[in-house]
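Letters go in sequence order (proteins before strands), and every chain restarts at 1.
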Amino acid sequence: MAALFYILAAVAILAALCVVLQRTPVYSALALIVVLCSLAVVYLLLGAEFLAVVQVIIYAGAIMVLFVLVIMLLNARQETPLDRSRLARWLGAPLLAVFLGEVCFAVWQRYPVKATAAAVIDGGPRAIGALLFRSYVLPFEVTSILILVAVLGAVVLAKKQP
Amino acid sequence: MVPLAHILALSAILFGLGAAGFLVRRNIITIFMCIELMLNAVNLAFIGFARFLGSLDGQVFAFFVIVVAAAEAAVGLAIIIAVYRNRGSLSIEDFDSMKL
């Protein structure tokens, strides 16, 4: 279990690097699908079965298909490199490393490695659904309105102007 | 069992990479994908905390984040199509009509 997590973490980080470093959008999209699928397996390891399936169906399925479709539709090619300022080129990566180290240190101090997990939780559809329709009914209904607005907005925005 | 600190560290690394890509890349579609990467990093933190606090509330929050990300992707890509129709370009260097 633990070894699988570290393998998946390495795959996710390498694929995320690929997302960031690729100049061609379609390669970034394919690398992002790898990140999403490996995170879905991590969710499975953490006891979130329902969310793992939702991640694959909605994220890796619907959203990424939408992205790839738009990339093909707009014929997005390789972006032209930009001459950035010399300060950004030399300080950017070290500052990112410092930031990540700082965050990891803060996490490590607050949550020591020896912290034990609570009892195994059940993240199946039955448990999530019960919680969603009892404690979180109002957010759930608001979300449905949000999706309705998003559908209308997407149609209006992408419509050809008269 | 994987300790919580390692899950949060993975989440922080993915979020940092997403933020760096958001600032470095010039193609608006790639920038949008970096936003999705950051949202996923946050989801991982939610699910890790849900596992270690023994409560399902974190998973429900992650579910809402996924739903909002789907809506955001639909609207955002529609905006990208509309902008591309007006400007004929996907580089954010060309989207400067609101610049002072």
Practice prompt. Search all heavy atoms of B:Arg51 against all heavy atoms of A:Leu46 and return the closest pair with its distance.
Written response: CD-O, 3.0 Å
Discussion item. Restricting to non-hydrogen atoms, name the atom on A:Leu157 and the atom on B:Ala78 that form the minimum distance, rounded to 0.1 Å.
Written reply: CB-CB, 3.8 Å
If I measure from the heavy atoms of chain B, does [X] come under 4.5 Å with its side chain, its backbone, both, or neither?
X: A:Tyr59; answer: side chain
X: A:Ile71; answer: both
X: A:Ala48; answer: both

Item to complete: State yes or no: are the ring centers of A:Tyr6 and B:His6 separated by less than 6.0 Å?
Response: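 Yes; B:His6 has its ring centre under 6.0 Å from that of A:Tyr6.
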Practice prompt. Go through A:Leu51, A:Val103, A:Ile58, A:Val149 and name the one with the most non-hydrogen pairs under 4.5 angstrom from chain B.
Written response: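 Max contact count across the listed options: A:Leu51.
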Are [X] and [Y] side-chain neighbours, meaning at least one heavy-atom pair lies under 4.5 Å?
X: A:Phe67; Y: B:Met33; result: yes
X: B:Leu17; Y: A:Val19; result: no
X: A:Leu132; Y: B:Phe64; result: yes
X: A:Tyr43; Y: B:Leu44; result: yes
X: A:Tyr136; Y: B:Phe61; result: yes
X: A:Val20; Y: B:Phe22; result: no
X: A:Thr24; Y: B:Thr30; result: no

Fill in: Proximity breakdown for B:Ser11 and chain A, heavy-atom pairs closer than 4.5 Å
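Contact with chain A involves no heavy atom of B:Ser11 at all.
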